[in-house]
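Atoms considered below: every heavy atom in the structure, side chains included; atoms not considered: hydrogens, waters and symmetry mates. Sequence lines set the chain letters: A, B, ... in the order given, protein chains first and strands last, and positions in each chain run from 1.
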Protein chains: 2
Amino acid sequence: MDASLFTIQPAAPEPIYRQLVEQLRRLIAGGQIAPGELLPSVREMAGFHAVNPMTVSRAYGIAEGEGLLERLRGKGMAVAATQKASHTQHQRLALLEPQLLELARHVRELELPAEPVLRRLTKLLGD
Amino acid sequence: MDASLFTIQPAAPEPIYRQLVEQLRRLIAGGQIAPGELLPSVREMAGFHAVNPMTVSRAYGIAEGEGLLERLRGKGMAVAATQKASHTQHQRLALLEPQLLELARHVRELELPAEPVLRRLTKLLGD
DNA sequence: CCATGTGTATCAATACAACAATACACTTGA
DNA sequence: TCAAGTGTATTGTTGTATTGATACACATGG
């Protein structure tokens, strides 16, 4: 597990610890981090991204509270064994629902037809 | 112009004044508010949505700084005359670009194929 | 003229995020 | 055994963001 898998944007309005939690949620759901796999240590992650170790610890703590991670004392944090290797496509899609709803609202406010939006998104998804 | 055109979610992490600014941006770009048209007064908007008048004023002030609105002293705030009646489809699509980029990143993190995402969005857009 | 309607400058209160510096409990592994 | 590695609790500080309460300057329109 490499700390470089994660992306942190310090300038974003979204607080750092929440950026980390949400990335964890998606990376685990997508199977890019397998159950049982060890995450980068708090100090390693903090050093790599030049943030405070306590900020990383906070993110890990929240993820643990959600059942995403589990603490292996003396070892570090690992993806919880209760997490299936990879969620079903339907489950992963559900994680995007709030974002899709917001996008749809914006499209309506802009009075844009669906077609050009779908075309642009298709392009961004690399099809 | 009716204050009910606007939507405010007080519980959202997004601050209220920014919710207002961004809605203004889209509603003007989409032509749902025409150039020269008067917006609801600070107090009317604040009363309707049960927020502080200064919060609305702040949003108006920012929108004025962006050239979206202009102050008619003694009258109120109006959509700037320099705003074309409605932006081109391409311009409006450009306003969605950051949101589409973020969505694409999340889709990749979830290791989702493009197709189900596009299908779901199509449905939400009412096709 | 002046009551009434604009927007807003100012100040205060509150909450939050991030950082810093420790100290601690625990496990591992040589 | 014990040094070195985990995560975390604690305390304090700093900076910033958001919202709110109040008072003010100004233009309108009867």
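Under the side chain to side chain contact (heavy atoms under 4.5 Å, CB included) criterion, A:P116 pairs with A:P113, A:R119, B:Q89, B:L93, not counting sequence neighbours. Partners of B:A63 by side chain to side chain contact (heavy atoms under 4.5 Å, CB included), not counting sequence neighbours, listed by chain and number: B:L24, B:L68, B:L69. With sequence neighbours excluded, the residues that form a side-chain hydrogen bond (donor to acceptor under 3.5 Å, both in side chains) with B:S4 are B:D2. Listed by chain and residue number, nothing satisfies the side-chain hydrogen bond (donor to acceptor under 3.5 Å, both in side chains) test with B:E102 (two or more places apart in sequence, or in another chain).
When DNA chain C is scanned in the 5' to 3' direction for atoms under 4.0 Å from non-hydrogen atoms of chain A, the outermost contacting nucleotides are C:dA17 to C:dT28.
Under a 4.5 Å side-chain heavy-atom criterion applied to ILVMFWY residues, the cluster that includes B:M54 comprises that residue alone. B:L72 forms part of a hydrophobic cluster together with B:L38, judged by ILVMFWY side-chain heavy-atom separations under 4.5 Å.
For the pair A:E44 CD and D:dG5 C1', the computed distance is 12 Å after rounding to whole Å. Look at CG on A:L39: it is 9 Å from P on D:dG7, rounded to the nearest Å.
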All N/O contacts under 3.5 Å from nucleotides 2-4 of chain D to the protein, with atom names and distances to one decimal?
none

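Contacts of B:S57 with the nucleic acid, taken as non-hydrogen atoms under 4.0 Å apart, include base atoms.
Note on residues 55-64 of chain B: no pairs pass side chain to side chain donor-acceptor pair (under 3.5 Å), not counting sequence neighbours. Sorted by first and then second residue, the side chain to side chain donor-acceptor pair (under 3.5 Å) pairs with a member in residues 5-30 of chain B read A:H106-B:R26, A:E109-B:R26, B:R25-B:E66; sequence neighbours excluded. Among pairs with a residue in residues 36-46 of chain A, none fulfils side chain to side chain donor-acceptor pair (under 3.5 Å), at least two apart in sequence or across chains.
Taking a cutoff of 4.0 Å between a charged side-chain nitrogen and a carboxylate oxygen, A:R92 and B:E111 do not qualify as a salt bridge.
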### Summary
In 5'-to-3' order, the base (B), backbone-only (S) or no-contact (-) status of each nucleotide in nucleotides 13-30 of chain D, using a 4.0 angstrom heavy-atom cut-off, is -----SBBB-----S---
